[in-house]
Asker: 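What follows is a structure written as structure tokens; I'll ask about it next.
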Amino acid sequence: MDFANWPTNRLLNTAARLTENTSTDLFRGLGITPAGFAALRVLSQGHEMGQSELAERLRVRPETLAKVIDRLVLSELIVQSARTSDKHDVQLRITQEGRKLIARADALEEEQERTLGSDEQLRTELINRIRALGLDAGADQKRPTLKLVPKISPQEGDDGGSRSAVV
């Protein structure tokens with residue numbers, strides 16, 4: 001393959017996909033998904049929080065996180081504690097086992113980085129690219145509206161309504 005002729009976006013997407021596959025394999029070896037690990041990482045950095053707050057920090061919808069939380073509770077990596085009699089009003093807290101899993105994953109990632117090498121210039125450029133595209137973890141948590149596909153104009157013979165192909 002002649003990667004030199006690929007557009008930058010294709011190179012970034014390919015590198016991201018291959019890196020994600022490597023991470024998925026690493027987490028699978030620990031018995032967790034990347035989504036579960038991300039939830040553990042957030043819970044390990046602070047206080048107890050509800051499912052809505054955790055979902056907001058992970059930039060997903062609470063219902064998307066429900067199965068992840070169920071698996072983490074079942075694996076005894078997090079615990080839920082009710083704040084009120086409402087079973088939906090629970091706080092999530094990482095367990096000692098969850099903290100141990102994070103430590104093991106960190107050690108594996110460090111080993112992987114030593115094996116693959118680290119490129120600080122590339123890291124800096126990627127961080128700058130991410131910030132330029134509007135995703136800055138240090139900024140307010142509001143996500144910018146990203147239009148991935150332009151609006152489609154009404155076609156002749158259409159009902160006249162506009163359709164949007166925004167993802």
Side-chain angles (χ1 to χ4, degrees), residues 1-46 49 51-72 75 77 94 98 101-167:
M1 288 188 188
D2 187 11
F3 298 121
N5 291 326
W6 285 18
T8 302
N9 284 345
R10 185 173 178 197
L11 291 168
L12 286 169
N13 289 332
T14 301
R17 188 175 56 252
L18 293 171
T19 301
E20 186 67 26
N21 289 344
T22 302
S23 292
T24 298
D25 290 345
L26 180 141
F27 293 128
R28 185 179 299 125
L30 293 171
I32 193 168
T33 64
F37 184 74
L40 283 178
R41 174 70 74 198
V42 169
L43 288 170
S44 74
Q45 293 174 351
M49 66 183 72
Q51 181 173 332
S52 294
E53 183 181 352
L54 180 59
E56 185 177 312
R57 289 186 184 203
L58 292 170
R59 296 177 168 255
V60 299
R61 294 175 27 185
E63 49 275 8
T64 302
L65 198 54
K67 287 184 181 183
V68 172
I69 289 171
D70 289 344
R71 284 191 300 266
L72 292 173
S75 299
L77 299 171
I94 189 169
L101 187 134
I102 287 176
R104 287 195 311 269
D106 286 345
L108 288 171
E109 285 181 326
E110 287 173 19
E111 177 61 30
Q112 198 172 56
E113 191 160 305
R114 277 192 301 272
T115 303
L116 297 175
S118 176
D119 184 339
E120 285 304 314
Q121 181 181 358
L122 175 60
R123 287 181 51 77
T124 300
E125 289 174 19
L126 289 171
I127 290 167
N128 290 337
R129 169 76 56 114
I130 290 166
R131 285 186 175 140
L133 292 171
L135 182 62
D136 186 350
D140 131 11
Q141 292 293 321
K142 292 181 184 171
R143 207 182 319 184
T145 303
L146 299 177
K147 293 185 179 182
L148 302 178
V149 179
K151 286 187 177 182
I152 300 173
S153 307
Q155 300 295 323
E156 200 173 50
D158 198 358
D159 64 2
S162 67
R163 296 176 295 178
S164 175
V166 176
V167 178

Asker: Determine which pairs satisfy salt bridge (charged side-chain N to carboxylate O under 4.0 Å, His left out) with at least one residue from residues 35-46, sequence neighbours left out, and list them in order.
Answerer: R41-D106
Asker: Only counting residues at least two apart or in another chain, list the ones meeting side-chain contact (heavy atoms from CB on, under 4.5 Å) with N5.
Answerer: D2
Asker: Could you give the distance from CD1 (I102) to CD (Q45), rounded to the nearest 0.5 Å?
Answerer: 8.0 Å
Asker: If a pair satisfies salt bridge (charged side-chain N to carboxylate O under 4.0 Å, His left out) and one of its residues is in residues 21-30, list it, with sequence neighbours excluded.
Answerer: D25-R28
Asker: Can you see which heavy atom on A105 is nearest to which on F37, and at what distance?
Answerer: CB-CE1, 3.4 Å
Asker: Any idea which heavy atoms bring G36 and V68 closest together, and the distance?
Answerer: CA-CG1, 3.7 Å
Asker: Show, in sequence, the C-alpha distance, side-chain angles and deciding distance for L72 and L43, and conclude whether the side chain to side chain contact (heavy atoms under 4.5 Å, CB included) test is met.
Answerer: CA-CA 12 Å; L72 292 173; L43 288 170; 5.6 Å; no
Asker: Please report, to 0.1 Å, the donor-acceptor pairs under 3.5 Å made by any side chain of residues 10-18, with sequence neighbours excluded.
Answerer:
unit_1: N13; atom_1: ND2; unit_2: N9; atom_2: O; d: 3.2
unit_1: T14; atom_1: OG1; unit_2: R10; atom_2: O; d: 2.8

Asker: Please report the interatomic distance CG(L65) to CG(L54), rounded to the nearest 0.5 Å.
Answerer: 5.0 Å
Asker: If you look at every heavy atom in V42 and L58, which pair is closest and at what distance?
Answerer: CG2-CD2, 3.7 Å
Asker: For E125, give me all partners under side-chain contact (heavy atoms from CB on, under 4.5 Å), at least two apart in sequence or on another chain.
Answerer: Q121
Asker: Once rounded to the nearest 0.5 Å, what's the spacing between atom NZ of K67 and atom CG of D70?
Answerer: 9.0 Å
Asker: What distance do E63 atom CD and S52 atom OG have between them, rounded to the nearest 0.5 Å?
Answerer: 9.0 Å
Asker: Measure the CZ-CG distance between R104 and L26 for me, rounded to the nearest 0.5 Å.
Answerer: 11.0 Å
Asker: Among all residues two or more places apart in sequence or in another chain, which pass the side-chain contact (heavy atoms from CB on, under 4.5 Å) test with S75?
Answerer: L77
